[in-house]
Amino acid sequence: METKTITGIVYSFISAATLGSTYVPLKFFDRSDGIYFQWVQTMGQLMVGVFLTMFTTPSPVLPVAMINGVFYAIGIAGIILGSAIFTMVKKKSMRVRPAPWSTLEDQIKKAKKKREEPPIPRKIVCLLLTIFVGFLYGNFYSPISYLMTNDSGASQDVRSYFLSYCLGASFTSTVIFMGYSVVMKNVPRCNPELTTPSIVSGILYGVGMLSFFTACQNLDQVIAYPILSKAPGIVVSLWAIFLFKEIQGRKNISQLFFGIFVTLLGICCVSLSKVLDI
């Protein structure tokens with residue numbers, strides 16, 4: 001097995017462990033609407049980027065490499081917006097059926113109100129946001145990969161571009177938070193208790209993304225993406241079982257472990273396809 005392949009697989013699992021643990025520090029705190037959390041979290045990522053810069057030789061801050069961070073920040077904002085819209089749709093769809101003794105006039109009024117507030121457009125917006133966020137995260141590594149492939153003078157060490165990624169994410173999140181503050185008339189919803197957990201979350205995410213970049217550099221994206229997209233979900237599930245006790249019951253846990261086994265089997269097959277050149 002090549003050293004490069006081993007390095008890529010190791011960093012893949014480091015990335016999975018840290019990305020799967022990113023939101024654990026926030027579990028016990030009110031995240032409000034998520035905008036403040038997103039902003040502070042990018043500061044934690046930036047701390048990782050600055051710390052890395054002290055020990056490596058970074059390339060200049062490049063706008064193309066910053067696009068990775070822009071994709072991340074806009075993607076998180078899209079998830080927050082979609083969640084808010086979905087919550088409204090869910091609340092509107094949970095209507096109480098008219099009782100048998102309700103008058104016909106009451107039923108007509110309720111039916112008319114339901115026609116006036118159809119949830120269908122909001123569902124379509126949620127669907128489009130999901131597709132858009134999927135596009136952003138699906139092309140998350142593309143800007144840096146394009147730069148390294150097509151610019152003859154570009155550094156081939158992916159760590160050189162991590163600070164640019166962090167600055168792109170931080171800048172975009174700051175712009176989003178400023179716009180949010182304007183919409184909220186300078187009274188944004190900020191939970192002070194969320195500050196330190198958000199920074200810790202950002203540090204975990206920063207380490208995870210740095211490992212993600214390194215894994216993608218040492219493995220083909222075709223190999224790295226399946227591992228990095230599935231493995232963090234396994235870590236999240238383990239936290240849900242052993243720490244938060246969100247999943248209980250022998251049947252539910254058995255089904256979950258069977259799903260984890262299938263996922264791990266798929267990851268092993270993908271990894272072996274690289275090792276054995278299948």
Could you check if a side-chain atom of [X] sits within less than 4.5 angstrom of a side-chain atom of [Y], using non-hydrogen atoms only?
| X | Y | answer |
| --- | --- | --- |
| Leu264 | Lys230 | no |
| Asn252 | Glu246 | no |
| Tyr72 | Gln41 | yes |
| Leu238 | Phe257 | yes |
| Phe71 | Ser142 | no |
| Met209 | Asn68 | no |
| Leu167 | Leu46 | yes |
| Lys27 | Trp239 | no |

Among Asp157, Val10, Val158, which one satisfies side-chain contact (heavy atoms from CB on, under 4.5 Å) with Thr214?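 Checked Asp157, Val10, Val158 against Thr214; only one passes side-chain contact (heavy atoms from CB on, under 4.5 Å): Val158.
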Would the distance check show the side chain of [X] and the main-chain N or O of [Y] forming a donor-acceptor pair, the cut-off being under 3.5 Å?
| X | Y | result |
| --- | --- | --- |
| Ser170 | Cys166 | no |
| Thr42 | Trp39 | yes |
| Ser12 | Gly8 | yes |
| Asn191 | Asp30 | yes |

If hydrophobic clusters are built by linking Ile, Leu, Val, Met, Phe, Trp and Tyr wherever their side-chain heavy atoms come under 4.5 Å apart, do [X] and [Y] end up in the same one?
| X | Y | result |
| --- | --- | --- |
| Phe29 | Ile76 | yes |
| Tyr23 | Leu194 | yes |
| Val64 | Tyr165 | yes |

Whether Phe162 and Phe213 hold their rings parallel, tilted or perpendicular, with breakpoints at 30° and 60°: perpendicular
Describe, in one word, how the ring planes of Phe132 and Phe135 are oriented to each other, choosing from parallel (under 30°), tilted (30 to 60°) and perpendicular (over 60°). parallel
Point-to-point distance, once rounded to the nearest 0.5 Å, from CG of Leu52 to CG of Leu163: 8.5 Å
What's the spacing between Ile67 CD1 and Leu62 CG if we round to 0.5 Å?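 One gets 10.5 Å once the value is rounded to the nearest 0.5 Å.
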Who clusters with Ile131? Use side-chain heavy atoms, under 4.5 angstrom, across I, L, V, M, F, W and Y, and order the result by chain and number.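 Listed partners: Leu127.
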Where [X] and [Y] come nearest, the two heavy atoms and their spacing:
| X | Y | value |
| --- | --- | --- |
| Ala65 | Ser164 | CB-CB, 3.6 Å |
| Ser201 | Pro25 | N-CG, 4.5 Å |
| Glu193 | Pro197 | O-CD, 3.2 Å |
| Leu204 | Thr18 | O-CB, 3.6 Å |
| Tyr161 | Ser155 | OH-O, 2.6 Å |
| Ile176 | Ala73 | CD1-O, 3.9 Å |

With sequence neighbours left out, what residues match Asp151 under side-chain hydrogen bond (donor to acceptor under 3.5 Å, both in side chains)? none
Any donor-acceptor N or O pair under 3.5 Å, side chains Tyr36, Thr195: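 Per modelled atom types, Tyr36 and Thr195 side chains form a pair under 3.5 Å.
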Give the C-alpha distance, both sets of side-chain angles, the deciding distance and a yes or no for ring-ring contact (aromatic ring centres under 6.0 Å, His included) between Tyr205 and Phe212. CA-CA 10 Å; Tyr205 194 88; Phe212 173 89; 9.4 Å; no
